[in-house]
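Data first, discussion second: the structure below is written as C-alpha cells.
The basis for the numbers below is simple: all heavy atoms, side chains too, and nothing from hydrogens, waters or symmetry mates. First the proteins, then the strands, lettered A, B, ... as listed; each starts at 1.
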There are 2 protein chains.
Amino acid sequence: MIKCPKCREVEFVQKSGIVRGKQRYFCKSCDYHFTLPEPPNPTEGKRHHQVTIMDIANQLGISKSTVSRALRGHTDIHAGTRKMILDLAQQLEYQPNPLANALLKSRTNIIGILVPEFRHYFFPTIIMGAQEVLSKAGYNVMICQSDESYETEVTNVKALMSSRVDGLLVSVAAQTNNVDHFRAVLRKEVPLVFFNRVCPELETPQVIVDDYNGAFQAVEHLIEQGYRRIAHLAGPISLLVSRLRLQGYLDALQKHNLPVENGLIIHYDLTEEKARIYANYLLSLPQPPDAIFAINDPTAIEIMLVAKSRGVKIPQELGIVGFSNDPISSIIEPSLTTLEQPVREIGKQAAHLLLHQINADVSEWKPVHQVLKTHLIVRESSRKEKVTNEPA
Amino acid sequence: MIKCPKCREVEFVQKSGIVRGKQRYFCKSCDYHFTLPEPPNPTEGKRHHQVTIMDIANQLGISKSTVSRALRGHTDIHAGTRKMILDLAQQLEYQPNPLANALLKSRTNIIGILVPEFRHYFFPTIIMGAQEVLSKAGYNVMICQSDESYETEVTNVKALMSSRVDGLLVSVAAQTNNVDHFRAVLRKEVPLVFFNRVCPELETPQVIVDDYNGAFQAVEHLIEQGYRRIAHLAGPISLLVSRLRLQGYLDALQKHNLPVENGLIIHYDLTEEKARIYANYLLSLPQPPDAIFAINDPTAIEIMLVAKSRGVKIPQELGIVGFSNDPISSIIEPSLTTLEQPVREIGKQAAHLLLHQINADVSEWKPVHQVLKTHLIVRESSRKEKVTNEPA
DNA sequence: ACCAGTTTCGGGAAAGTTCCCGATAGTTTT
DNA sequence: AAAACTATCGGGAACTTTCCCGAAACTGGT
C-alpha cells in the first residue's frame, strides 16, 4: 500500500511513529525514513506576488544579473537589451524591493527622528526642515515622540535601532537624566545628531541656538522696560538648554545689579498642567514678580492665560517674555514678546550634520556644535513704556 | 611565469585579452580562461558586524535553526538548550534583523501616514492617536506630508509603497483631483484607510466626523444669534469634507428662509495667504457679510486677524465660527466658536480599521465608514446677544 | 582560420531569518 | 527486544537584490 519513494518497494515499508501529526514510515529495504508528502493546496496561492527582477528575467529569457545591470544603469550591457528590460520593467510597474537591498548593504535609507512632542509649532517645524533635506538625499524618516518620558524615550530608541535606521536625529526628553541608551547607539556606530535638547556629555554633533545670549537679551529687555522682580519659569535642570537660559537670566540680573531670588526661579517638567500651577503660585506670592521670563512660548502662553484669569494686567502689572516665536505668540492678546529662532533651519542643519556623519567613516566623525542666532522680537507683553515712539 | 590554476602548467598559458582592466589568460592545456586573483585587502574589514543568529549558533556549536527556534519561542526545543541560547543572546545584545524577516514574510511592520501638513493642532493630534494604537500592535510609522500638493502626494505615496509599508493612513491634499495613485495602492492589495479628507469614489474604510450636521449646527447657531448675511469660506470642492460642510451651511440657510448668495461662498485651497486674501475680499464688499462660517479653525483665525486689523468688531459686526476646536481658538480674543471633534479618536479609529484590514484577507475587506460626532462650542466670536444669561 | 581584444551575459554567493521536513537518539509500549 | 513513539536538532530552501568573476560571443586584423 505504501510505496517507498526511494526503492519503490512496498513490502518492506512499516510504520515508524508520528511526527507533527503525520504518519511516518520506514523502509527496511533501503533503510529510509519518510512521510507521505501532502498534495499542495492549490486554493491558497501567493498573496500578491510583487513583481521582481526575476519575473522580468524569465519573461525575457535572460538572467537576473542582466536585468539588475540594466536597472542599475551599468555599462556592461547591450543598449538593445537594456531598452527591452527598461520597457518591460515600466510596463510591469516594477519597483525594486528596498528590503533585499537593505539586507545586502545593511543600510535602510531610513532616518529616525525622536522628539519630545509635536503638538506645538516648534518640533513639527524642525521635522519639516529635516525632512526637506533628508528626502532630497533619498532618505525616509521615522518619527517617534517620547512624550517627555525617559522610559518612552528608551523604548523609542530601541525600536528605531531595531528598525536598523541609518541615523538618528534626537531632541531629548525633559525627564531624561541617563544617556546610556544613546551611548548604546554610538557603540553600534550609528550616526547620532542632537538638536535643541542636546547631550553635552556625548561626543556627537549638535545644533542649538544661542540660548544664553537669547535669554540674556530677553531679561535685559525686561529690565530696561522697568521691571525689577523678574521670575524665571525654567525647564528641568537636566537639560542644557534650561541651564543656558537660566545663566543668561542670572547674568542679565547681575549686570544690572538686581538681586537673584531663588524663590522666583522655578524648574518644571514642561507639561501644561505644571506650567499653570507654577504660574498661579508665582502670581499668588505675597510679593509676586512683576515680570516672568518663560523657558519657551507654550509656557509663556500658559502664564499669560493664568494672569488674565486672575485679572493681572499685562504688561502693566506683569511683563512676559517667551522663547521661540511660536505663531500663536503674535496672535494672542496682548501679543507676546519672544525670541525668534530659525526653527526650520535647525532641522535642516541637523539633517546636514547627520548626512555628513553617515557618509564619513567612523574615524572621521566630528562632534560639530552648530549654534544658530536668536533675535528678540518685542511685542506688547513686555512693553511697559508705551510712549517710547511718541514725540516728546 | 603564469601558472594555470587548474593544471598547474606554465608553458601552455597565453594572454587572452583584458577584462575590466585585468589581464586575462588562457591555458591551452586544460582549455581554461582565468585572471589572476587579487589578494584580499586586509585593511578594510566589516564595518560593524551586527551580531546575528549565526554568531550564536557557532559559538554554541549548534545550528541556526535551533537558535531561531529558541528565540521564536518554539516548543520543539530542549529547555536547557533554550536557556543557553537565550542567555547568550542577551549577553551579546542580539537584536533580530527585521530586514531579513521582512524580506522573507514580505511585511515590514511599518505603516505609512500621509497628511497634508502638520503645523497645526489637527493632524499631529490624529497622528498621535494613530501611533498610540499602532505601536501597541507592533508597528512603526512613517510620516509624510503632501503640503496640499497633488504632485507631492503622488511622490509620497510612491515612496511609501516602495518602502513596502504594510498599510497606509491617508488624508488627501487639497489640490488632489485624481486618485489613480490610490487605485494603484489598492491594486497591489495594500490596505488603505482614509480619514478626514476621504475618497468616496474608492472602496476603502474611512473615518470622518459628522461634517454635515456640524456645519448645519454652526450656521443655525449664527442665524439664531441674529446674523443674516452669512458667508462661507469653504475648502476646495474636490474634498468631500468641503462639500458636506457646504451642504450643511446651505441647508441651514434654507431652513431659516435665508437667501443663498453665491458671492458669499468662496472655495479656496486652504493656504494661509489665500485665507487672508479672501477674508479681506469679503470684508471689503459693498455689502459685507455679518458672519462667516470657516471650513476650519486656522481659516477662522486668519479671518479674525484680518477683521481685527480692519477694525471690524467681533462679534458685534462680524460673527465667526470655525471647525475642529484647535486649542488656539480658546486662547484668541475674542475666543472662537467652533465645532469640537474627537481628533485623537479619529486617528485611533483609523488605525483600528487599518489593522483590521491588514489582518483580514483581501476578500474580506469592507469599506467601513466611521462617522464620529461633533459638538458645537459657543464662544465669544459668535455671541451677539450678550444678555442671554442675564436676568431679565 | 587564428588570435588578441572587447562586449555582453550568466551563475552563484552573499545578506539574516524562518520554516519545512527529514533525521537521529532516546523512551515507552507490547 | 522489536515496534511505536517522542523529543530534539540539522540541513536546506526561500525571500530579493547586488556584485564578482568566469565564459561566451563578437570584432577586426592578420
Does C/dC3 have OP1 or OP2 sitting under 4.0 Å from an N or O in the side chain of B/Tyr25? no
Could you encode protein contacts along nucleotides 5-10 of chain D as a string, one character per nucleotide from 5' to 3', using B for base contact, S for sugar-phosphate-only contact and - for no contact, with a heavy-atom cut-off of under 4.0 Å? BB-BBB
In whole Å, I'd like the distance from the CG atom of A/Leu60 to the P atom of C/dT8. 16 Å
Any donor-acceptor N/O pair, A/Arg183 side chain to A/Leu202 backbone, under 3.5 Å: no
Does B/Val172 offer a backbone N or O that forms a donor-acceptor pair with the side chain of B/Thr176 under 3.5 Å? no
Whole Å only: how far is the CG atom of B/Asp55 from the C1' atom of C/dT17? 13 Å
Could you state the atom-to-atom distance from CZ of B/Arg107 to C1' of D/dT16 in whole Å? 18 Å
Grab the CG-P distance between A/Asn58 and C/dG10 for me, whole Å please. 11 Å
Would you classify B/Ser68 as touching base, sugar-phosphate or nothing, given that sugar-phosphate means primed atoms plus P, OP1 and OP2, and contacts are heavy atoms under 4.0 Å? base
Whether over 12 other heavy atoms sit under 6.0 Å from B/Glu364 CD: yes
Flag, side chain of A/Gln131 to backbone of B/Ile143, donor-acceptor distance under 3.5 Å: yes
Pick base, sugar-phosphate or nothing for A/Pro98, based on heavy-atom distances below 4.0 Å to the nucleic acid. nothing
Round to the nearest Å and state the distance from B/Leu71 atom CG to C/dT18 atom C1'. 12 Å
Can you tell whether the side chains of B/Lys366 and B/Glu203 come within less than 4.0 Å, N to carboxylate O? no
Whole-Å distance separating the CG atom of A/Leu103 from the C1' atom of C/dA14: 9 Å
Please check: side-chain N/O of B/Trp365 versus main-chain N/O of B/Gln357, any donor-acceptor pairing under 3.5 Å? yes
B/Thr66 and B/Ser63 side chains, donor-acceptor separation under 3.5 Å: yes
Gap between atoms CG and P, on A/Leu104 and C/dG12 respectively (whole Å): 18 Å
Let me know the distance between CZ of A/Arg72 and C1' of D/dC20, rounded to the nearest Å. 16 Å
Taking only side-chain N and O atoms of A/Ser106, does any of them lie within less than 4.0 angstrom of OP1 or OP2 on C/dA15? no
Of the options C/dT17, C/dC19, C/dA14, whose atoms approach the side-chain atoms of B/Lys105 most closely? C/dC19
